[in-house]
Amino acid sequence: MASASLLKTSPVLDKSEWVKGHTLRQPSTSVVRCHPVAPSGLTVHASSYADELVKTAKAIASPGRGILAMDESNATCGKRLASIGLENTEANRQAYRTLLVSAPGLGQYISGAILFEETLYQTTIDGKKMVDVLVEQNIVPGIKVDKGLVPLAGSNNESWCQGLDGLAPRSAAYYQQGARFAKWRTVVSIPNGPTELAVKEAAWGLARYAVISQDNGLVPIVEPEILLDGDHGIDRTFEVAKKVWAEVFFYLAQNNVMFQGILLKPSMVTPGAECKDRATPQQVADYTLSLLRQRIPPAVPGIMFLSGGQSEVEATLNLNAMNQAPNPWHVSFSYARALQNTCLKKWGGRPENVKDAQEALLIRAKANSLAQLGKYTGEGESEEAKQGMFVKGYVY
């Protein structure tokens, strides 16, 4: 293995303001709720950070910009480093993260960066706080707060996301360190069902995380990822996504989450990765926008799509297709591999390659910026950028 060196006084929102734009799902007679709340018992909640949350969400959902997801756990980061022959050491992780956050002009295309806890408290190889470097680039620092996926007892080999215990004090500490938004990722598997138990667990966990984050000044990114695994068609993905998002917004409302102060990070509606019938960018856009119109209130400021193993070019083309006409929300990106893949390979752990690697990152960031504006053409893309990145059974 080689080695590389390299204001907390905002007024609480009025009830009429909070309810504006919310659409609560009508109760079903065939479903028994685990946490029933009578309509008369609904109280509107907004943390003392309400105005700041709205301001932060709008800043991230700004025209022509999206999110750089660089919150890989140390173990996952180690897999990325191993792919270029580097050891998984803190020094190597620091060198790579320094490369990312210090890319010149990155803030022109990136409005927020999701960090792993180590990175939030880390300095660059030049001794500057990572958070400060991001702020200087006009990029809002964010933080991954979940504790990962574990098996869900009673399900069909499905999982649930842990991390609610101690989340409030951790979130308060992250805010003090400079984070202004948070991310919690849970997943739904179509080949394994999904079972009603798994969907409800995902939705309830996301809702609890969201309200705790808002109480501590962090804009929550709500991310129930519908995994690409499977050979199902796009219609099956669409039906599952409708069910999942109905549950998510039911429980967000039940937990009195302020919709104007959240961001969503959904999967695009695509066929399963092993489906023989592939979808065009226009088909992906049509299905995905139809889902959003049926399930997402216009009060939500931004929809920041995950790439989920699509190739760099595929993720950008699909985003571009969704922005060919005005949408009620800012429709943008929150990509990890679809921004970093070529960049990482260009770097290769060699200090003399940093400039070329940063240029590769900026090329992808600019391409997705254009896609957010509906102006991406796909011309001049490298073959590397067209390579798919789906990994069956991928563990994040």
Side-chain angles (χ1 to χ4, degrees), residues 57-72 99-101 103-115 134 137-140 142 181 183 221 223 225 228 263-270 279-282 284-285 288-289 292 301-327 329-346 357-390:
K58 287 182 177 179
I60 296 172
S62 55
R65 299 206 295 166
I67 294 173
L68 169 61
M70 47 178 292
D71 59 318
E72 297 90 349
L99 180 161
L100 295 175
V101 303
L106 184 63
Q108 183 178 347
Y109 315 117
I110 300 296
S111 55
I114 312 172
L115 310 177
L134 289 170
Q137 294 240 51
N138 195 29
I139 298 172
V140 181
F181 70 101
K183 173 196 154 180
I221 289 182
E223 182 185 359
E225 179 178 352
L228 280 177
L263 295 168
L264 303 184
K265 186 173 178 177
S267 309
M268 297 179 190
V269 180
T270 66
T280 65
Q282 189 57 55
V284 172
T288 304
L289 291 174
L292 295 180
I303 316 294
M304 322 300 285
F305 282 101
L306 59 90
S307 54
Q310 300 177 70
S311 75
E312 291 176 328
V313 170
E314 184 182 12
T316 309
L317 285 170
N318 289 339
L319 178 63
N320 185 71
M322 282 185 264
N323 281 299
Q324 294 306 301
N327 292 303
W329 330 265
H330 174 81
V331 175
S332 192
F333 60 93
S334 177
Y335 294 165
R337 286 174 288 172
L339 284 173
Q340 298 180 45
N341 189 52
T342 301
C343 167
L344 178 66
K345 292 180 179 180
K346 287 275 188 182
Q358 290 179 327
E359 181 60 30
L361 173 63
L362 292 172
I363 286 172
R364 292 263 44 91
K366 182 178 181 180
N368 286 289
S369 169
L370 290 171
Q372 199 288 310
L373 299 170
K375 298 179 180 179
Y376 172 73
T377 63
E379 295 178 2
E381 291 283 13
S382 68
E383 287 304 310
E384 177 69 42
K386 297 176 183 177
Q387 297 301 310
M389 292 176 283
F390 169 73

Start with the C-alpha gap between Ser307 and Leu339, add the side-chain angles, then the distance that decides, and say whether side chain to side chain contact (heavy atoms under 4.5 Å, CB included) holds.
CA-CA 9 Å; Ser307 54; Leu339 284 173; over 6 Å; no

My understanding is that only residues two or more places apart in sequence, or in another chain, count here; which of them pass side chain to side chain donor-acceptor pair (under 3.5 Å) with Gln282?
Asp286

Side-chain donor/acceptor of Gln358 to backbone N/O of Leu99, under 3.5 Å:
yes

Taking it one step at a time, do Ser267 and Leu306 satisfy side chain to side chain contact (heavy atoms under 4.5 Å, CB included)?
CA-CA 6 Å; Ser267 309; Leu306 59 90; 3.9 Å; yes

Selection residues 317-327 - residue pairs positive for side chain to side chain donor-acceptor pair (under 3.5 Å), sequence neighbours left out
Gln310-Asn318

Not counting sequence neighbours, which residues clear side chain to side chain donor-acceptor pair (under 3.5 Å) with Lys346? List them please.
none

What residues, two or more places apart in sequence or in another chain, satisfy side chain to side chain contact (heavy atoms under 4.5 Å, CB included) together with Ala59?
none

So, the side chain of Ser332 versus the backbone of Arg65: is there a donor-acceptor pair under 3.5 Å, distance only?
yes

By side chain to side chain contact (heavy atoms under 4.5 Å, CB included), Lys58 pairs with (sequence neighbours left out) Val54

Can you tell me how far OG of Ser334 sits from CD1 of Ile60, rounded to the nearest 0.5 angstrom?
9.5 Å

When rounded to the nearest 0.5 Å, the distance separating CD1 of Ile110 from CG of Leu362 is 9.0 Å

Value rounded to 0.5 Å, distance of CG in Leu317 from OG1 in Thr377
9.0 Å

By side chain to side chain donor-acceptor pair (under 3.5 Å), which residues pair with Gln137, not counting sequence neighbours?
none

Set of side chain to side chain donor-acceptor pair (under 3.5 Å) partners for Gln340, sequence neighbours left out:
Glu72, Tyr96

Using the test ring-ring contact (aromatic ring centres under 6.0 Å, His included), find all partners of Tyr109 that sit at least two apart in sequence or belong to another chain.
none

Heavy-atom side-chain proximity of Met304 to Ile221 below 4.5 angstrom:
no

Got a sec, which residues hit side chain to side chain contact (heavy atoms under 4.5 Å, CB included) with Thr288, two or more places apart in sequence or on another chain?
Met268, Val269, Val284, Phe305, Met322

Answer yes or no: is there a side-chain heavy-atom contact under 4.5 Å between Leu68 and Leu106?
yes

What are the two closest non-hydrogen atoms of Leu361 and Ala103, and how far apart are they?
CD2-CB, 4.1 Å

Sub-3.5 Å donor-acceptor pair from the side chain of Tyr335 to the main-chain atoms of Asn368, do we have one?
no

I want to check something: taking the side chain as every heavy atom from C-beta on, are Thr316 and Arg364 in contact at a cut-off of under 4.5 Å?
yes

Compare all side-chain heavy atoms of His330 with those of Gln372 and state whether any distance is below 4.5 angstrom.
yes

How far apart are the closest heavy atoms of Ala360 and Thr342, and which atoms are they?
CB-CG2, 4.1 Å

With a 4.5 Å cut-off on side-chain heavy atoms, are Leu263 and Trp329 touching?
no

Contacts of Leu264 that satisfy side chain to side chain contact (heavy atoms under 4.5 Å, CB included) - sequence neighbours left out
Val222, Trp245, Phe249, Ile262, Pro266, Ile296, Val300, Ile303

Leu134 vs Leu115, side chain to side chain contact (heavy atoms under 4.5 Å, CB included): CA-CA, chis, key distance, verdict:
CA-CA 11 Å; Leu134 289 170; Leu115 310 177; 4.0 Å; yes

For residues Cys343 and Leu100, report the shortest heavy-atom separation together with the two atoms involved.
SG-CD2, 4.0 Å

Thr270 and Leu228 have their tightest heavy-atom pair at OG1-CD2, 3.1 Å

